[in-house]
Amino acid sequence: MVKILERDLERHFSKECKRLGIESLKIIPRFSVGWPDRLVILDNSEVLWVELKTLTGVLSAKQIKVHNTL
């Protein structure tokens with residue numbers, strides 16, 4: 001089985017969004033952890049918070065808390 005890294009998954013996601021003409025912004029919080037990996041903005045101004053995980057990836061307790069708040 002080929003091991004897929006989350007950074008590769010995120011790179012693929014970003015490229016596919018770009019190919020489809022969808023804005024996908026990398027979230028890099030300066031003073032906080034647990035934020036989703038990407039902010040996706042759709043044509044109708046809908047905003048999606050996207051957390052990318054591999055099949056074996058697990059959300060941290062902080063990620064769960066932040067995601068529930070969002």
Side-chain angles (χ1 to χ4, degrees):
M1 185 165 107
V2 176
K3 180 166 173 79
I4 298 173
L5 301 175
E6 285 185 12
R7 71 171 182 243
D8 297 330
L9 184 60
E10 190 171 347
R11 188 176 298 127
H12 176 74
F13 180 84
S14 179
K15 285 167 72 174
E16 283 301 300
C17 284
K18 190 173 199 175
R19 184 181 70 80
L20 295 169
I22 298 170
E23 190 69 38
S24 169
L25 305 171
K26 173 71 176 164
I27 302 299
I28 305 173
R30 192 166 173 190
F31 299 108
S32 184
V33 296
W35 284 79
D37 299 314
R38 294 267 167 186
L39 174 66
V40 176
I41 303 169
L42 302 176
D43 287 341
N44 61 357
S45 298
E46 266 189 282
V47 174
L48 305 174
W49 295 98
V50 177
E51 179 68 42
L52 298 162
K53 293 286 185 200
T54 63
L55 292 175
T56 58
V58 178
L59 289 174
S60 69
K62 184 67 174 175
Q63 286 176 313
I64 293 168
K65 184 176 180 181
V66 170
H67 296 185
N68 285 338
T69 300
L70 294 173

- prompt: Atom CG of Leu70 and atom CD of Gln63: how far apart are they, to the nearest 0.5 Å?
  reply: 11.5 Å
message: With a 4.5 Å cut-off on side-chain heavy atoms, are Asn68 and Lys65 touching?
response: no
query: By salt bridge (Lys or Arg N to Asp or Glu O under 4.0 Å), which residues pair with Lys18, not counting sequence neighbours?
result: none
task: For Leu48, check side-chain contact (heavy atoms from CB on, under 4.5 Å) against everything at least two apart and list the hits.
output: Val40, Leu42, Val50
message: Per the ring pair (Phe, Tyr, Trp, His ring centres under 6.0 Å) rule, what does the pair list look like for residues 44-70, sequence neighbours excluded?
response: Trp35-Trp49
- request: For Thr69, check side-chain hydrogen bond (donor to acceptor under 3.5 Å, both in side chains) against everything at least two apart and list the hits.
  value: none
- prompt: Among all residues two or more places apart in sequence or in another chain, which pass the side-chain contact (heavy atoms from CB on, under 4.5 Å) test with Lys62?
  reply: Val33, Ser60, Val66
- prompt: Considering residues at least two apart in sequence or located in another chain, which fulfil the side-chain hydrogen bond (donor to acceptor under 3.5 Å, both in side chains) criterion with Asn44?
  reply: Glu46
message: Looking at every heavy atom in both Leu5 and Thr54, which two are closest together, and how far apart are they?
response: C-CG2, 4.0 Å
task: State which residues pass salt bridge (Lys or Arg N to Asp or Glu O under 4.0 Å) with Arg7; sequence neighbours excluded, sorted by chain then number.
output: none
- prompt: From Lys53 NZ over to Asp37 CG, what is the distance, rounded to the nearest 0.5 angstrom?
  reply: 6.5 Å
- prompt: Under 6.0 Å from the CD1 atom of Ile4, do we count more than 12 heavy atoms belonging to anything else shown?
  reply: no
Could you tabulate the donor-acceptor pairs under 3.5 Å formed by side-chain atoms of residues 22-30, not counting sequence neighbours?
from	atom 1	to	atom 2	distance (Å)
Lys26	NZ	Glu10	OE1	3.3
Lys26	NZ	Glu10	OE2	3.0

message: Applying side-chain contact (heavy atoms from CB on, under 4.5 Å), can you list everything that pairs with His12, at least two apart in sequence or on another chain?
response: Glu16
message: My understanding is that a hydrophobic cluster links ILVMFWY residues whose side chain heavy atoms are under 4.5 Å apart, including indirect links. Using that, what else belongs to the cluster containing Leu59?
response: Ile64
task: Please name the pair of heavy atoms, one in Gly57 and one in Glu6, separated by the smallest distance, quoted to 0.1 Å.
output: CA-OE2, 4.0 Å
message: Checking one residue: Val58. Which other hydrophobic residues are in its cluster under the side-chain 4.5 Å linking rule?
response: none
